[in-house]
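One structure below.
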Amino acid sequence: MKYSYTDIEQKWQAYWQQHDTFTTIEDSAKPKYYVLDMFPYPSGSGLHVGHLEGYTATDVVARYKRHKGFCVLHPMGWDAFGLPAEQYAIKTGTHPRITTEQNVQSFKQSLQRLGLTYDWSREINTTDPDYVKWTQWIFLKLYEQGLAYVAEVPVNWCVEQKTVLANEEVDEYLEKGFTVVRKPLRQWVLKITAYAERLLHDLETLDWGENIKEMQRNWIGRSEGCNITFEVQRNPLTTQANITVFTTRPDTLFGATYMVLSPEHPLVASITTDTQRAAVDAYRAESAKKSDLERAELQKEKTGVFTGGYAINPATRQPIPIWIADYVLMSYGTGAIMAVPAHDERDWEFAKKFNLPIVEVLQSPHDVQEQVFVNKDAPCVNSANADVSLNGLTFKDAFEKIVAWLEAKGVGQRKVNYKLRDWVFSRQRYWGEPIPMKYYQDAQGNYTILKPETTLPLLLPDVEKYEPSGTGESPLANIDHWLYGEDAQGKFRRETNTMPQWAGSCWYYLRFKDAKNPNAFVSPERERYWGQVDLYIGGAEHAVLHLLYARFWHKVLYDIGLVSHHEPFQKLFNQGMILGEDGEKMSKSRGNVVSVDSLLETYGADVARLYVLFLGPLEQVKPWNTKGIEGVSRFLGRVWRLVYTNLHDGKPDTDSTIGVTDEPMSAAIEKAMHKTIQKVDEDCQNLRFNTAIAAMMEFVNVLTKENCHNRTAIEHLLVMLSPFAPHIAEELWQAIGHGDSIANAPFPTFDAALTKDETVTIAVQVSGKLRGTFEATVGMQNDDLIARAKEVDSVVKFLDGKEIVKHIVVPNKLVNLVVKG
RNA sequence: GCCGAAGUGGCGGAAUUGGUAGACGCCCAGGACUUAAAAUCCUGUGUUCAGCAAUGAACGUGCGGGUUCGAUUCCCGCCUUCGGCACCA
């Protein structure tokens, strides 16, 4: 019989479906394993090879763990809210639900053709009313915990289109010639900063790549320092005020020669003197117009203006000028800084530009008037007053001493700051979960009294137009019959903001444990049974946001007793991107996209699965290479011919030519088999699929070369291969007489004694250079090894006439004869 | 600029508690089978030099140093590529 992947793939996919082969089993007598993919946004362009790689990897793990006797949870779903469907709706009027459904169908079909073992009875879709209900329910839990609040937050506002833009849209709109400004708008915000310390600290407990942890740490951006209060100098023209700054270098306080406030700082108006007011107002107006992007782009030249006001440096008691400049951000620390130009690059640049004094307070190897000196190890100088002296102290001691002094005087306080900001959680869009809040009328008839929805889910109404309302509100603001209503508590207007796409993905891994539960987002029993996700695989593009947001929600749920672990994903593995054949990122515009459907067409699922893993290490970024696929295709052909030997002989095509025999295998083959099992087993556990496949190829090459068709060897090979190429494995398993699915066969075990060689090749070096080899029995004594090494033909001439000054022996490996002369 | 990862044959990659560099696969060349082709099977395949040849020697893991009997692996200094962050005081 000839190997025809189309026939056998369809046959076995139907078989698995009919027999519920991969329906999840919950058996508390067995260990559990929860292996999860980052679920996709079902885009119109279909599955790409990046999906293929990640999903195949988790599928191999899921199947492998099943062979190993685990109860495996391996689910799939759809992160189906999102901008593309909404933009398509704006263009064509097609309801996003329709587009989404179509895309889901096509995605699901492709996934099924790959022979993935997803338990489709647990399929979820973030846009389903049943799912939206629980997303909203969790939001209300956050609200009850005081972790959701309303604030005025600047957003990207397109002036011409009267629309709020997502960050990723800004460039596109600017290119079209529109004006994009920062405009404060009413937003729902989640207080993720309340969890900053735990989000940082608990990273230690996770089995994640160090690089991803580091990215999260940087994003959270913890820094220790202190807040220092500067008294504003009394001046008949200004009001009495204090300015608090945050600094990580209080040890340089004596060198603070000026202060800078962010242009948005609330004290700017009261500090500014009349003579400076016009300049200050002009500067503030200008920076308000600039988008964040522009501020960042213009980082070359520092700008700023003097307010006319002065503050007193608490250490030197000297008055120092107060400036405003947009290099100081209102959103970090206190929105104000003390500037130490001698020892901070930004301050130095600013001081040089505006001729502000630069005072050296750390012993510097060069003149700080000429060049800035940033250092933590240099001792303090010029840093003493009547009360306190830091001179001679380095960072740590100086820090402690000055902070103690400031605290004693009541003008300073230790403080930890984070770069992490609270999470702006509302979008002015249609295609998202409505935020389930209502505003009831107050005594004046204004809708100001905020209360949560009592009936969930709150679903989206149908709309005629998907464009934003033009007022900065979402299209929902135009749907009066949905927007306004009355209940026992009075007349209300609904919240028009919707949730961001992140919302659904913050907890989907929990819903998979109990996907159809109508009474709870997950039952406590099932939550506990499946516990943490044991392995989570996805692209590194989600290294920060999705993973941080999900961890945040999870911790909140943990705190209110709804989940049993404080972290959701125990082990995270990031697959590397697959590039086009040209080594560039795959993109439609480059025309280097490899589509999964065409691969399936040409080579079938087993080859596609095998090849995408054989390409290289899972975590590595690697280019696609269409030619190499022939190799794995041939490999499967060879496997096929181990069972169906007739093709090899060119004889007629009949089923009776199954060549599996019960003749014993040779010792060499048996050894090769045990080594292969060991290697494949280890590699599967460590997600090193490329070398696992290589090991199986080697084994098949040995079997082929020796014309060995031993039943045990082939059965073990098929079980090892089945996680990778399940269809052909099932077909051959059946062909050699098994009635049950290979998926239920236990993974072969190896005999450690049989993986060891009796003889080894010893390398012989002369002064570190390889000059020959010889065969020796394992465990041969060092003296014997040396004696043998000296007799090796190719070695002798390098020893001729030389004195051996040293013998180095690595047992069972190598002899190195060090010679002189 | 800062943080992180990585640089190995014509190509994808393998091998690191320091011990025969190049497993496996692609490409390529030669052979077997075939009327022929495809498929399949076998052999060879890092570079350079010497030789008719078997073979031998030198070089070789981004670059330059170092430690060591021995370095792809460890240390120091660079270069390049990719990813992330980007005035965070």
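Each chain gets a letter, A, B and so on, in the order the sequences are listed, and its residues count up from 1.
Using a 4.0 Å heavy-atom criterion, one finds that A:Asn417 contacts no nucleic acid atom at all. Among the protein residues, A:Trp624 comes within range of no part of the nucleic acid, since none of its heavy atoms lies under 4.0 Å from any strand. Using a 4.0 Å heavy-atom distance criterion, A:Asp347 is classed as making no nucleic acid contact. Nucleic acid contact class of A:Glu345 (heavy atoms, under 4.0 Å, all strands): none. Within 4.0 Å (heavy atoms only), A:Lys213 reaches no atom of the nucleic acid at all. If you check every strand for non-hydrogen atoms under 4.0 Å, A:Arg638 touches sugar and phosphate atoms only. Base engagement by A:Arg421 is indicated by at least one non-hydrogen atom pair under 4.0 Å involving a base atom.
Following rounding to the nearest Å, A:Asp683 (CG) and B:G13 (P) show an atom-to-atom distance of 17 Å. Regarding A:Arg641, its CZ atom lies at a distance of 8 Å from the C1' atom of B:A39, rounded to whole Å. Residue A:His343 contributes atom NE2, which lies 18 Å from atom P of B:A89 at whole-angstrom precision. As rounded to whole Å, 10 Å separates atom P of B:G13 from atom CG of A:Leu579. Rounding to whole angstrom units, CD of residue A:Glu630 and C1' of B:U40 are separated by 13 Å. The separation between A:Phe635 atom CZ and B:A23 atom P is 18 Å, rounded to whole Å. When rounded to the nearest whole Å, the span between CZ of A:Arg217 and C1' of B:C85 equals 15 Å. Atom CZ in A:Phe699 sits about 15 Å away from atom P in B:C24, given to the nearest Å.
B:U45 and B:C24 are spaced 15 Å apart, taking the C1' atom of each and rounding to whole Å. B:G56 sits 31 Å from B:G65 when the P atoms are compared, rounded to a whole Å. The gap from the C1' atom of B:U80 to that of B:C63 amounts to 10 Å, rounded to the nearest Å. Only the C1' atoms considered, B:A57 is 25 Å distant from B:U68, to the nearest whole Å. Atom C1' of B:A71 sits at a distance of 14 Å from the matching atom of B:U20, rounded to the whole Å. If you take atom P in B:G7 and the same atom in B:G44, they sit 30 Å apart, rounded to whole Å. Rounded to the nearest Å, the gap between the P atom of B:A53 and that of B:U17 is 41 Å. Between the P atoms of B:A23 and B:U8, the separation comes to 16 Å (whole Å).
Nearest nucleotide to the A:Thr691 side chain, out of B:U40, B:G12, B:A14: B:A14. Of the candidate nucleotides B:G25, B:G13, B:U43, B:U43 has the atom nearest to the side chain of A:Lys705. Of the listed nucleotides (B:A89, B:G13, B:C24), B:A89 has the atom at the smallest distance from the side chain of A:Ile337. Of the candidates B:C69, B:C27, B:C24, the closest approach to any side-chain atom of A:Ala694 belongs to B:C24. Relative to the side chain of A:Leu615, the nucleotides B:G12, B:A89, B:C26 differ in distance, and B:G12 lies closest. Side-chain proximity of A:Glu698 to B:A89, B:A58, B:C24: nearest is B:C24. Checking B:A89, B:C26, B:A57 against the side-chain heavy atoms of A:Leu329 singles out B:A89 as nearest. In this structure, the nucleotide among B:G13, B:A89, B:C26 sitting nearest to the side chain of A:Asn690 is B:G13. The A:Val818 side chain lies nearest to B:C69 when the options are B:C69, B:A57, B:G12.
Within the 4.5 Å cutoff, side-chain heavy atoms of A:Ile192 are placed close to those of A:Leu199. By the 4.5 Å heavy-atom criterion applied to side chains, A:Lys797 and A:Arg771 are not counted as neighbours.
Figure legend: cation-pi geometry between A:Arg551 and A:Trp219 absent, as NZ or CZ is not positioned both under 6.0 Å from the six-membered ring centre and within 45° of its axis.
By the ring pair (Phe, Tyr, Trp, His ring centres under 6.0 Å) test, A:Tyr327 is found to be paired with A:Phe350, residues two or more places apart in sequence or in another chain being considered. Evaluation of the side-chain hydrogen bond (donor to acceptor under 3.5 Å, both in side chains) rule for A:Asn211 yields no partner, not counting sequence neighbours. Take A:Tyr332 and apply the ring pair (Phe, Tyr, Trp, His ring centres under 6.0 Å) test, not counting sequence neighbours, and it matches no residue.
For A:Ser223 and B:A89, the shortest distance from a side-chain N or O to OP1 or OP2 is below 4.0 Å. Phosphate contact (OP1/OP2 of B:G13, side-chain N/O of A:Gln620, threshold under 4.0 Å): present. In this structure, A:Asn701 reaches the B:G25 phosphate: one of its side-chain N or O atoms is under 4.0 Å from OP1 or OP2. A:Lys806 has a side-chain polar atom (N or O) that falls below the 4.0 Å cut-off from OP1 or OP2 of B:C69. Side-chain N/O atoms of A:Lys769 include none lying less than 4.0 angstrom from OP1 or OP2 on B:A57.
A:Glu630 and A:Tyr611 share no donor-acceptor pair across their side chains, judged by distance under 3.5 Å alone. Side-chain contact annotation: A:Asn242 with A:Thr229, donor-acceptor N/O pair under 3.5 Å absent.
Ionic pairing of A:Glu775 and A:Arg788 is not present here: no N-O contact between side-chain nitrogen and carboxylate oxygen is shorter than 4.0 angstrom.
Without hydrogens or angle criteria, A:Asn227 side chain to A:Gly412 main chain gives no donor-acceptor distance under 3.5 Å. Side-chain N or O atoms of A:Asn690 include none that pairs as donor or acceptor with a backbone N or O of A:Leu613 at under 3.5 Å. With hydrogens and angles ignored, the 3.5 Å screen pairs a side-chain donor or acceptor of A:Lys353 with a backbone N or O of A:Lys302. With A:Asp326 contributing its side chain and A:Ser287 its backbone, the two residues share no donor-acceptor pair below 3.5 Å.
For A:Lys302 against B:C87, a side-chain N or O and a base N or O form a donor-acceptor pair under 3.5 Å.
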Run the side-chain donor-acceptor check on residues 615-629 of chain A: report pairs under 3.5 Å with partners two or more places apart or on a different chain.
residue	atom	partner	partner atom	Å
A:Lys622	NZ	A:Glu53	OE2	2.6
A:Lys622	NZ	A:Pro617	O	3.0
A:Lys622	NZ	A:Gln620	O	2.7
A:Trp624	NE1	A:Thr626	OG1	3.2
A:Asn625	OD1	A:Lys627	N	3.1
A:Thr626	OG1	A:Glu581	OE2	2.9

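Map A:Ile212 and A:Met577 each onto its nearest nucleotide of RNA chain B; the residue landing nearer the 5' end is A:Ile212. A residue-by-residue look at A:Met215 and A:Met338 shows that A:Met215 has its nearest nucleotide of RNA chain B further toward the 5' end.
Base orientation of B:G9: syn (glycosidic angle within 90° of 0).
Paired regions of RNA chain B, where each region holds three or more successive Watson-Crick or G-U pairs whose two hydrogen-bonding distances fall under 3.5 Å, are B:1-7 with B:79-85, B:10-12 with B:24-26, B:28-32 with B:40-44, B:46-50 with B:55-59, B:62-66 with B:74-78.
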For this session: Do nucleotides 17-22 of chain B as a string where each nucleotide becomes B, S or -: B if the base has a protein heavy atom under 4.0 Å, S if just the sugar-phosphate does, - if no protein is that close.
Result: --BB--

